[in-house]
Amino acid sequence: MFREPAGRPARALKGNHVKATAKAHPNIALVKYWGKRNERLILPHQSSLSVTLGPLSVTTSVEFTGERGDDDVRINGKDAQGSERSRVVELLGLVRKEHGGKLGAARMVSAGDFPAAAGLASSAAAFAALAVAARTAAGFDRDTKAESILARRGSGSASRSVQGGFVRWNRGKRPDGRDSFGEQLFDAKHWPELRMLVGMVSREEKEVKSRDGMRGTVETSPYYPAWAKDAEAEVKRIIPFIKRRDLEAVGAIAEKNAWRMHATAFAADPPLCYLKPETLAVIQTCRELRAKGLGVWFTLDAGPNPVLLTSAKDEAKVVKVLEQHGAREVVRCHPGGDAVLV
Ligand code: PMV
């Protein structure tokens, strides 16, 4: 692979195949993103903040062939179809446009090491890895801001998976979205003993994808304006607690914010409910554990699998109780690092 000076695209490919492979982690939002102000550019109504989930990862390779034709998109061993494929093709198109040369059709292969679409943000890791691999394959130097903006066009939460640790996705004000990207506030080493335990109560694909769920909520939930205002304020409030590694305060905000996101979605028409009875059982257990003195809080994305926030010292106890109370499997995570080229 040849490189040009910082930020400049590769000038000529001359039929050379240019390939790059990147690996990124998913993330779990402590203050959620729920709702777009611009559907095409994927611009949010409010800022959000997440922690990157190691060791889970998605690895993606992109090769620009320099030839005409359709992009070849393979995800988890299968040819991608429908919107899954078109979202990748669209992102590759943005890279071709920025490059301006003759990159040609791409061959893209992506695989994750955790189940997709079960409430774990697999699309976040996938689009972050794709953005890093595609820009690098096109000859651009690493640039986390440009990568985050590109990843955002695939999936909003992917803007927070280009960097590791604790990342804030700034809402931004510009209509073109150039100020709406993920920004690392603390790296993964800041809080190594923090644990995010995903209680897998269901491996089924969710019925309503986040994209459709948030559109319905923005358009029909009377609580939406209150949600957006509150979440923006919570992002500011949680940062000093993360800085101090205050699990109790971080957990309390994360839990409250998850309830508020879901409450806003319940109030949509038709109502949206991502919770299953097992989800509530785990949430209830979490409350009981806390009453017994264990430091554990929950958060929940747009799916049935709760993610419990705890610390390394209580991890084993929380895993055991989770398994006894409805979780078929527990995926243990800790703050993960940046998206990297491999
Ligand atoms: O980026 P998307 O379209 O998968 O939406 C993610 C939405 C939530 O996971 C529910 C919240 C978040 O901030 O990650």
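Here, residue 1 is the first one in the sequence, and each next residue gets the next number. The model shown is predicted, which means the values in this text are computed figures rather than measured ones. We count ligands from 1, going down the list as the structure has it; atoms in each ligand are counted the same way.
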| field | Check against ring pair (Phe, Tyr, Trp, His ring centres under 6.0 Å), Phe266 and Trp259 | value | CA-CA 10 Å; Phe266 294 156; Trp259 275 126; 7.6 Å; no
| Do Phe64 and His99 have their ring centres less than 6.0 Å from each other? | no
Within ligand 1, which atoms have a heavy atom of [X] less than 4.0 Å away?
{"X": "Ser123", "answer": "4 (O)"}
{"X": "Ser210", "answer": "3 (O), 4 (O), 5 (O)"}
{"X": "Ser155", "answer": "1 (O), 2 (P), 3 (O), 4 (O)"}
{"X": "Ala29", "answer": "12 (C), 13 (O), 14 (O)"}
{"X": "Ala302", "answer": "10 (C)"}
{"X": "Gly156", "answer": "1 (O)"}
{"X": "Trp34", "answer": "10 (C)"}

Non-hydrogen atom of [X] closer than 4.0 Å to ligand 1:
{"X": "Ser48", "answer": "no"}
{"X": "Ala124", "answer": "no"}
{"X": "Arg160", "answer": "yes"}

| Thr217-Trp34 side chain donor-acceptor pair, cut-off 3.5 Å | yes
| request: Answer with yes or no whether the side chains of Arg142 and Thr136 bring together a donor and an acceptor at under 3.5 Å. | output: no
Before signing off on this row, confirm whether [X] and ligand 1 have an N or O atom pair separated by under 3.5 Å.
{"X": "Arg211", "value": "no"}
{"X": "Ser157", "value": "yes"}
{"X": "Tyr33", "value": "yes"}

| message | Can you classify the ring geometry of Phe186 versus His190 as parallel (below 30°), tilted (30 to 60°) or perpendicular (above 60°)? | response |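 Parallel.
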| request: Before accepting this row, confirm whether a basic side-chain N of the pair Lys256/Glu234 lies closer than 4.0 Å to the acidic partner's carboxylate O. | output: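 Looking at Glu234 together with Lys256, the answer is yes, because their closest N to O distance falls below 4.0 Å.
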| said: Please enumerate all residues that pass ring pair (Phe, Tyr, Trp, His ring centres under 6.0 Å) together with Tyr33, with sequence neighbours excluded. | reply: Trp169
| query | So Asp179 and Lys173, side-chain contact (heavy atoms from CB on, under 4.5 Å) or not? Walk me through it. | reply | CA-CA 7 Å; Asp179 57 355; Lys173 290 198 173 102; 3.9 Å; yes
| query | Out of curiosity, does Leu94 fall in the hydrophobic cluster containing Phe127 (side-chain heavy atoms, cut-off under 4.5 Å, transitive links)? | reply |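 Same cluster: Phe127 reaches Leu94 through Ile, Leu, Val, Met, Phe, Trp or Tyr contacts under 4.5 Å.
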